A.B. asks: 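Sharing a structure with you now.
Since the structure is predicted, the reported quantities are computational estimates derived from the model, not experimental observations. Any value given below was found using the heavy atoms of this structure, including those in side chains, with hydrogens, waters and symmetry copies removed. Letters A, B, ... are given to chains in the order of the sequence lines, protein chains preceding strands, and every chain is numbered from 1.
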Protein chains: 2
Amino acid sequence: MVRPSTAAETPEPADESYDLAEQVGFIMRQAAQRHVSIFNEIMGSDLTPTQWAVLARLYQDGGSSQNLLGRQTAMDAATIKGVVDRLLKRKLVQTKPDPQDGRRLIVELSPAGVDYTRELLPKAETVTKVTLAPLATNQRATLVALLKQLR
Amino acid sequence: MVRPSTAAETPEPADESYDLAEQVGFIMRQAAQRHVSIFNEIMGSDLTPTQWAVLARLYQDGGSSQNLLGRQTAMDAATIKGVVDRLLKRKLVQTKPDPQDGRRLIVELSPAGVDYTRELLPKAETVTKVTLAPLATNQRATLVALLKQLR
DNA sequence: TGATCCTCGTTCGTATACGAACGATATTCC
DNA sequence: GGAATATCGTTCGTATACGAACGAGGATCA
């Protein structure tokens, strides 16, 4: 590590109680990055984690309005729109107006999307398995339980 | 939940073993989102978590080359460049060529950046505290320890 | 009925995040 | 010395992520 002598060097004994590498946020960001990397390796780079979240949610529970779908997959209205648009372009998803509510846009899997999602399900399970591989079995449940409390 | 009867509805009994809401990746993304939200509330929206990571790292250990700084703060070369550029524009950081290596660009805190970072340190500690607030004391160390194994 | 308020979807702007490719510079090895 | 290789910083393109603002539609209530 180079520590050139300049006015920019830490001039006072720094607050030793703060170490970036020990902050949850920083560590969580790194863990998330590793997870995404594993996801891309296993699922293939043609599908992102958020896109997969949308497919999986629609596969599990059928169609819903776009904004509700966003809430179910942890995306705000602006983000879910972009994700749905890209899935629409690939015809994995289709939309139609809600007859009950003129503001709503119903999003659902296309038949091709259903097939595609079903084929990917085993790989998605592998992603979770590989992500948790460094932990002992009992630790995995612990981690998930703790993370759930931080939502 | 509306489940309109169409060809897109889940046509087969879905693989019940896969529930999106139970996958680590998905839960971790939500926990990270909450953390960022807390960060923005406490630190103010004029500084992002990654920008703070750079400031904190430079404050702790002094200047380093841009790419090394990126590795220390968990950003690739393309990402760290953007972050450094924005910090440069705000004059919180300054750069100079490395006399030892013509490829390297040394990044360090400006005097204003040192002051700014020092003032924010207490708030940064609060961010971690609030993020972990839902957990019992002994659970906090457990979570951090487990997350560290997933880097 | 009409005014108010809320939700829905959309758009814009900014900031990560990262793969890929590029030229410039260092290092390694023959 | 010189060629192969590696690293550095840069740029481009694409995809989240989200605050903010907007118009259209729906719900509430006087």
Side-chain angles (χ1 to χ4, degrees), chain A residues 2 25-26 28-41 43-55 64-90 95-107, chain B residues 2 25-26 28-41 43-55 64-90 95-107:
Chain A
V2 182
F26 184 67
M28 200 159 46
R29 187 159 65 88
Q30 293 180 76
Q33 285 175 359
R34 170 174 167 275
H35 165 73
V36 173
S37 170
I38 290 169
F39 181 98
N40 289 332
E41 267 181 39
M43 301 287 275
S45 57
D46 51 338
L47 198 72
T48 66
T50 48
Q51 288 171 9
W52 167 251
V54 167
L55 296 183
S64 68
S65 79
Q66 186 174 279
N67 278 8
L68 175 58
L69 181 61
R71 273 174 242 128
Q72 293 168 338
T73 52
M75 297 174 229
D76 73 356
T79 302
I80 189 65
K81 192 210 181 324
V83 175
V84 167
D85 281 352
R86 284 180 282 276
L87 291 175
L88 272 174
K89 203 187 308 180
R90 293 177 60 185
T95 61
K96 62 182 182 188
D98 185 336
Q100 261 71 53
D101 190 333
R103 299 167 301 176
R104 288 205 175 103
L105 185 66
I106 293 180
V107 184
Chain B
V2 182
F26 184 67
M28 200 158 48
R29 187 160 64 87
Q30 293 180 76
Q33 285 175 358
R34 170 175 169 275
H35 165 72
V36 173
S37 169
I38 290 168
F39 181 97
N40 288 332
E41 267 182 38
M43 302 287 276
S45 58
D46 51 338
L47 199 72
T48 66
T50 48
Q51 288 170 9
W52 168 250
V54 167
L55 295 184
S64 68
S65 77
Q66 185 172 277
N67 279 7
L68 175 58
L69 181 61
R71 274 174 242 126
Q72 294 168 338
T73 52
M75 296 174 228
D76 73 356
T79 302
I80 189 65
K81 194 213 181 319
V83 175
V84 167
D85 281 352
R86 284 180 283 274
L87 291 175
L88 272 174
K89 204 187 306 179
R90 294 177 59 185
T95 61
K96 62 182 181 186
D98 185 335
Q100 262 71 54
D101 190 333
R103 301 167 301 176
R104 289 203 174 105
L105 185 67
I106 294 180
V107 184

A.B. asks: Could you tell me how far apart A:Leu69 (CG) and C:dT7 (P) are, to the nearest whole angstrom?
C.D. replies: 18 Å
A.B. asks: Could you check how far CD of A:Gln33 sits from P of D:dA17, rounded to whole Å?
C.D. replies: 13 Å
A.B. asks: Once side-chain hydrogen bond (donor to acceptor under 3.5 Å, both in side chains) is applied, do any residues pair with A:Arg90, and if so which ones, sequence neighbours excluded?
C.D. replies: A:Tyr116
A.B. asks: For A:Gln100 and for A:Thr73, find the nucleotide of DNA chain D with the closest heavy atom, then tell me which residue's nucleotide is more 5'.
C.D. replies: A:Thr73
A.B. asks: Let me know the distance between CG of A:Asp98 and C1' of C:dC8, rounded to the nearest Å.
C.D. replies: 11 Å
A.B. asks: Can you tell me which residue pairs pass the salt bridge (Lys or Arg N to Asp or Glu O under 4.0 Å) test with a partner in residues 67-77 of chain B, sequence neighbours excluded?
C.D. replies: none
A.B. asks: Between A:Gly102 and A:Ala74, just flag the one whose closest nucleotide in DNA chain D comes earlier from the 5' side.
C.D. replies: A:Ala74
A.B. asks: Would you kindly give the CG-to-P distance between A:Asp46 and C:dG19, to the nearest whole Å?
C.D. replies: 15 Å
A.B. asks: Test of understanding: with salt bridge (charged side-chain N to carboxylate O under 4.0 Å, His left out), list the residues that count as partners of A:Arg103, not counting sequence neighbours.
C.D. replies: A:Asp101
A.B. asks: The criterion is side-chain hydrogen bond (donor to acceptor under 3.5 Å, both in side chains); which residues satisfy it with A:Thr50, sequence neighbours excluded?
C.D. replies: A:Thr48
A.B. asks: Please name all residues satisfying side chain to side chain contact (heavy atoms under 4.5 Å, CB included) with A:Gln33, sequence neighbours left out, ordered by chain then number.
C.D. replies: A:Arg29, B:Ala74
A.B. asks: In B/S/- notation, 5' to 3', how is nucleotides 6-16 of chain D contacted by protein heavy atoms closer than 4.0 Å?
C.D. replies: BBSBBB---SB
A.B. asks: A:Gln72 CD to C:dC8 P: how many Å, rounded?
C.D. replies: 12 Å
A.B. asks: How long is the line joining NE2 of B:His35 and P of D:dC18, in whole Å?
C.D. replies: 13 Å
A.B. asks: What's the CD1-P distance between A:Ile38 and C:dA17, to the nearest Å?
C.D. replies: 17 Å
A.B. asks: Are any of the side-chain heavy atoms of A:Thr95 and A:Leu88 separated by less than 4.5 Å?
C.D. replies: yes
